Amino acid sequence: MGNIKYGIYELVGHTPIMELQNFEKKHHLQANILAKLEYLNPTGSVKDRAAWNMILDAEEKGEIHPGDTIVEQTSGNTGISLAAFAASRGYKTEIFLERGASKERRQLLEAYGAKLLDYRDALGIRTEEERKSGWHEPEREATLKEIYAYCDKQKEKHYFINQASNLKNPEAHILTTGPEIWNDTDGNVDILICMTGTGGTAAGLSKYLKERNPHIQIVLAQPAPQSRLTDDNPNAEIIDGVLPFQGVADEDIPEFVSKQVYDSYMDVSTQQAYEVARDVVATDGILIGTSSAAALFVAKELAQKQQNKDKNIVVIMPDNGMKYLSTSLFSD
Ligand code: PMP
């Protein structure tokens with residue numbers, strides 16, 4: 001009948017690209033900045049694509065059945081996506097939340113019906129009372145081994161979907177985001193900029209776009225040292241959902257972010273991202289999240305260069321500012 005959707009998963013993707021014309025004018029930019037508004041996915045983030053592709057694969061392989069529990073480690077967005085699709089397909093969701101996730105992410109996860117866990121649950125040392133008393137940031141994250149062991153221990157089926165190494169995560173961008181960008185720009189992409197968490201978005205887009213045009217430059221933004229949560233910097237104001245991949249120990253480099261994926265990278269601090277986010281909501285009326293703003297910061301730097309005159313710079317906007325209202329992005 002007409003154009004009716006029959007499930008939340010049918011709302012995934014087909015996000016628009018909008019040129020930030022007022023932002024370009026204000027800063028006298030030489031290049032065009034084309035924002036891919038991934039926050040218009042059904043749960044408000046780019047991770048809907050990977051989450052749906054991973055669930056579909058697990059269903060097709062017979063790994064999950066209604067009533068089972070999907071388990072994931074996430075900074076929030078993947079968990080929110082999984083919880084929404086799980087609800088609509090009859091699964092439960094349990095989320096090992098990464099440290100530093102914004103309050104809104106925790107609230108959204110619980111609103112979508114996910115149970116929030118941390119490494120103490122994996123080790124069986126957090127009591128029900130402790131869990132009921134609300135979220136207390138754990139001193140560390142659960143290891144993959146602990147999460148697998150936790151799943152094995154449960155009486156009912158618990159399936160660790162593991163976005164960090166699940167190939168269906170980057171594949172979602174090869175199948176959907178990449179073709180959308182290519183088609184909506186008629187193949188006129190010169191530079192693509194994004195931040196990376198698992199690296200699924202970057203790896204998938206790099207593969208798809210470079211196969212079509214090997215000259216496309218993939219530029220990744222990463223959190224600057226002062227924006228990383230470390231033992232020396234436990235109160236860092238982080239850029240939610242993303243990780244550094246250069247200048248970190250080999251074992252900390254996200255699995256999908258190999259050197260073949262990108263041509264260059266740039267460090268961006270949380271404060272630099274905040275300034276850009278406040279700027280673009282005033283120029284073009286779009287309320288973007290911190291990782292979107294960090295990518296836009298890099299786009300602005302590149303778009304000021306004479307060598308990039310008239311080039312098309314596509315910037316991935318993974319989520320929007322509503323998830324950050326409690327942070328100092330908009331509350332200061
Ligand atoms: N930005 C935000 C806000 C995110 O939540 C994520 C995913 N954690 C990313 C960017 C990076 O996405 P990916 O996992 O595909 O690298």
Side-chain angles (χ1 to χ4, degrees), residues 12-13 15 35-41 43-54 72-83 95-102 104-106 108-109 141 161-178 192-208 218-223 227 229 238-245 252-258 261-262 265 268 270 273-274 276-277 287-298 315-325 327 329:
V12 178
T15 57
K36 174 83 169 149
L37 305 182
E38 283 301 293
Y39 58 75
L40 292 173
N41 275 296
T43 77
S45 92
V46 67
K47 296 303 312 201
D48 283 345
R49 298 182 190 261
W52 176 237
N53 206 37
M54 293 190 297
E72 182 58 293
Q73 180 158 57
T74 151
S75 64
N77 277 332
T78 305
I80 293 167
S81 305
L82 287 170
I95 297 300
F96 284 87
L97 194 62
E98 287 171 7
R99 293 177 67 213
S102 71
E104 290 83 343
R105 280 167 145 74
R106 297 201 305 270
L108 280 164
L109 280 163
E141 281 161 18
I161 206 158
N162 198 4
Q163 58 170 336
S165 45
N166 189 326
L167 292 172
K168 295 287 156 180
N169 166 9
E171 188 199 66
H173 302 284
I174 298 172
L175 295 176
T176 67
T177 329
L192 178 113
I193 305 177
C194 67
M195 287 207 94
T196 68
T198 62
T201 310
L205 288 180
S206 175
K207 182 165 171 38
Y208 180 88
I218 307 291
V219 182
L220 302 184
Q222 71 166 5
S227 302
L229 215 48
I238 62 164
I239 302 178
D240 261 69
V242 295
L243 293 167
F245 50 89
D252 293 333
I253 300 175
E255 207 169 305
F256 298 130
V257 193
S258 69
V261 166
Y262 59 97
Y265 73 97
V268 184
T270 310
Y274 283 176
V276 172
L287 188 72
I288 59 177
T290 324
S291 70
S292 309
L296 183 54
F297 176 88
V298 175
V315 187
I316 304 297
M317 303 280 171
D319 68 2
N320 77 13
M322 288 186 205
K323 285 196 183 113
Y324 305 91
L325 293 175
T327 71
L329 172 51

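Whatever order the structure lists ligands and atoms in, that order sets their numbers, starting from 1. In this text the structure is predicted, and so the values were computed from the model without any measurement.
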Under 4.0 Å from a heavy atom of [X]: give me the atoms of ligand 1 that qualify, with their elements.
X      : result
Arg105 : 3 (C), 5 (O)
Thr201 : 12 (O), 13 (P), 15 (O)
Tyr324 : 3 (C)
Asp319 : 3 (C)
Thr198 : 13 (P), 14 (O), 15 (O), 16 (O)
Asp240 : 2 (C), 3 (C)
Pro318 : 1 (N), 2 (C), 10 (C)

Within less than 4.0 angstrom of ligand 1, does [X] place any heavy atom?
X      : answer
Gly199 : yes
Arg49  : no
Ser45  : no
Thr196 : yes

Q | Main-chain N/O of Ala203 paired to Ser206 side chain as donor or acceptor, under 3.5 Å | A | no
Q | Backbone N/O of Ala172 and side chain of Thr176: donor-acceptor pair under 3.5 Å | A | yes
(Q) Using a 4.0 Å heavy-atom cut-off, which part of His173 comes near ligand 1: side chain, backbone, both, or neither? (A) neither
Q: Select one of side chain, backbone, both or neither to describe which atoms of Val242 lie under 4.0 Å from any atom of ligand 1, heavy atoms only.
A: side chain
With no hydrogens and no angle check, just 3.5 Å: does a side-chain donor-acceptor pair link [X] and [Y]?
X      : Y      : result
Lys36  : Thr177 : no
Asp240 : Ser75  : no
Arg49  : Thr15  : yes
Gln163 : Thr78  : yes
Glu72  : Asn162 : no

Q: Give the C-alpha distance, both sets of side-chain angles, the deciding distance and a yes or no for salt bridge (charged side-chain N to carboxylate O under 4.0 Å, His left out) between Glu38 and Lys47.
A: CA-CA 9 Å; Glu38 283 301 293; Lys47 296 303 312 201; over 6 Å; no
Q) For atom 6 (C) of ligand 1, which candidate among Gly241, Ser292, Ser291, Gly197 holds the nearest heavy atom? A) Gly241
Q: Would you mind checking which non-hydrogen protein atom is closest to atom 5 (O) of ligand 1, with the distance to 0.1 Å?
A: Asn77 ND2, 2.8 Å
Q) Does the pair Leu167 and Asn169 meet the rule for a side chain to side chain contact (heavy atoms under 4.5 Å, CB included), with working shown? A) CA-CA 5 Å; Leu167 292 172; Asn169 166 9; over 6 Å; no
(Q) Run Met195 and Ile239 through side chain to side chain contact (heavy atoms under 4.5 Å, CB included) and show every step you take. (A) CA-CA 10 Å; Met195 287 207 94; Ile239 302 178; 3.9 Å; yes
